[in-house]
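In the text below, chain A, chain B and the rest are named by the order of the sequence lines, each starting its count at 1. Heavy atoms only: backbone and side chains are in, while hydrogens, waters and symmetry mates are out.
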There are 2 protein chains.
Amino acid sequence: MTIKEVSEKYDLSADTIRYYERIGLIPHVPRKENGIRDFDEAACGWVEFSKCMRSAGVQVEALIEYVDLFFKEGTEAARKEILIEQRARLQEQYEQLKATMDRLDYKIAHYEEIMAKNCPHLKS
Amino acid sequence: MTIKEVSEKYDLSADTIRYYERIGLIPHVPRKENGIRDFDEAACGWVEFSKCMRSAGVQVEALIEYVDLFFKEGTEAARKEILIEQRARLQEQYEQLKATMDRLDYKIAHYEEIMAKNCPHLKS
DNA sequence: TTAACACTTGGAGTTGACTTCAGGTCAATA
DNA sequence: TATTGACCTGAAGTCAACTCCAAGTGTTAA
């Protein structure tokens, strides 16, 4: 697969994918003889994984570290640690998100109320 | 209250609070004769609100617009729209977060398994 | 065969959200 | 009275994460 196809498949710009490879957020992508990237299933998998993690807000730094460890043997414990820490971060984000959503719901309901009062023709 | 007290109360740097005021993310804070900020309850409320919204990821831009409308009459519908849109954004973030957390759980479980296998002394 | 196009690289530029700095005022304390 | 410390302002700097650009190569279509 070309970078364009992968870009369309995962809705990430080709520049972003190249950038991810450059900084090591995804492993080196195989090339054809002429140097053009030729994504195999594994490379696609990494793109998909990084997209999922990034769009949830997992930091680039943590992903780079994970990918780096991935190619070294005997790093399972360290990789697991990274995942656990990132999972905890997302949990915190989730709590914050939930609290804020509740608050927005409350405020929105408040505006509903105000607007009902200010529209006398609605109270038939 | 001084900016320092407010900064400690809400765990936001004084610089951030001044920045928020400058860009209109919180309304103008009352001053003493000498020009020093003197936060009253309303000003504190705005700081707390902005902190809550920002830490959930609501964009600065949307909050500025909201604060701006807040001081104009007859803008209730517009304000409500902003809140609804931001609420929808958070909902999306939430879905993404949940999917990614599930995925991390799955991967973490996978590492548990691998590590159990690679530690024969644990299987008594 | 020449133009158009998709790709390559290294590096520079942009964006959003702060954060730091320089230079100044003012109140209180040694 | 001099200096310390908290505050002020406007402007410049930083950081993460892209995003765009210039200059070049290789393949396809007119």
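- Put simply, CD on A/Glu33 is 16 Å from P on C/dC7, counting in whole angstrom units.
- In this structure, A/Asp11 places its CG atom 15 Å from C1' of D/dT19, rounding to the nearest Å.
- By the 6.0 Å and 45° rule, A/Lys107 stacks over the aromatic ring of B/Phe49.
- Base engagement by B/Arg22 is indicated by at least one non-hydrogen atom pair under 4.0 Å involving a base atom.
- D/dC18 atom C1' lies 16 Å from atom CD of A/Glu21, rounded to whole Å.
- Atom CG in B/Leu25 sits roughly 8 Å away from atom P in C/dC18 (whole-Å rounding).
- Comparing D/dC7, C/dA17, D/dC18 against the side chain of A/Val60 picks out D/dC18 as the nearest.
- Looking at heavy-atom distances under 4.0 Å, A/Ile23 makes no contact with the nucleic acid at all.
- When rounded to the nearest whole Å, the span between CD1 of B/Ile36 and C1' of D/dG5 equals 11 Å.
- Regarding A/Glu61, its CD atom lies at a distance of 15 Å from the C1' atom of D/dC18, rounded to whole Å.
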Only pairs under 3.5 Å count here: list side-chain donor-acceptor contacts from residues 34-42 of chain A, not counting sequence neighbours, and write none if there are none.
unit_1: A/Asn34; atom_1: OD1; unit_2: A/Ile36; atom_2: N; d: 3.1
unit_1: A/Arg37; atom_1: NE; unit_2: A/Glu21; atom_2: OE1; d: 2.6
unit_1: A/Arg37; atom_1: NH2; unit_2: A/Glu21; atom_2: OE1; d: 2.9
unit_1: A/Asp38; atom_1: OD1; unit_2: A/Met1; atom_2: N; d: 3.0
unit_1: A/Asp40; atom_1: OD1; unit_2: A/Ala42; atom_2: N; d: 3.3
unit_1: A/Asp40; atom_1: OD1; unit_2: A/Ala43; atom_2: N; d: 2.9

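- The side chain of B/Arg54 has C/dA17 as its nearest neighbour among D/dT9, C/dA17, C/dT9.
- Electrostatic pairing of B/Glu85 and B/Arg89 counts as a salt bridge here, judged by a charged N lying under 4.0 Å from a carboxylate O.
- The distance from atom CG of B/Asp15 to atom P of D/dA11 is 16 Å, rounded to the nearest whole Å.
- Within residues 64-71 of chain B, no residue places a heavy atom under 4.0 Å from DNA chain D.
- Atoms CD1 (A/Ile3) and P (D/dG26) sit 18 Å apart, rounded to a whole Å.
- Comparing D/dA17, C/dT8, D/dC21 by their nearest atom to the side chain of A/Gln59 picks out D/dA17.
- Of the candidates C/dC18, D/dT9, D/dC18, the closest approach to any side-chain atom of B/Thr16 belongs to C/dC18.
- With D/dA17, C/dC18, D/dA6 as the choices, the nucleotide that has an atom nearest any side-chain atom of A/Tyr19 turns out to be D/dA17.
- Considering CD1 of B/Ile108 and CZ of A/Arg79, their distance stands at 13.5 Å, rounded to 0.5 Å.
- More than 12 heavy atoms of other residues, nucleotides or ligands shown are found within 6.0 angstrom of CD on B/Glu95.
- One finds a side-chain N or O of A/Arg31 lying less than 4.0 angstrom from the OP1 or OP2 phosphate oxygen of C/dT9.
- When the side-chain nitrogen and oxygen atoms of A/Tyr20 are compared with OP1 and OP2 of D/dC18, one or more of them lie within a distance under 4.0 Å.
- Between the side chain of B/Arg54 and the main chain of B/Val58, a donor-acceptor pair closer than 3.5 Å is present.
- For D/dC7, the OP1/OP2 oxygens have no side-chain nitrogen or oxygen of B/Arg37 closer than 4.0 Å.
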For A/Arg103 and B/Met53: C-alpha separation, side-chain torsions, deciding distance, then whether side chain to side chain contact (heavy atoms under 4.5 Å, CB included) applies.
CA-CA 9 Å; A/Arg103 187 155 178 179; B/Met53 294 296 134; 4.2 Å; yes

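- In this structure, the side chain of B/Thr16 does not engage the main chain of B/Leu12 through any donor-acceptor pair within 3.5 Å.
- Mapping B/Asn34 and A/Asp38 onto DNA chain C by nearest heavy atom places A/Asp38 at the nucleotide closer to the 5' end.
- For the pair A/Thr2 and C/dA6, the criterion of a side-chain N or O lying under 4.0 Å from OP1 or OP2 is not met.
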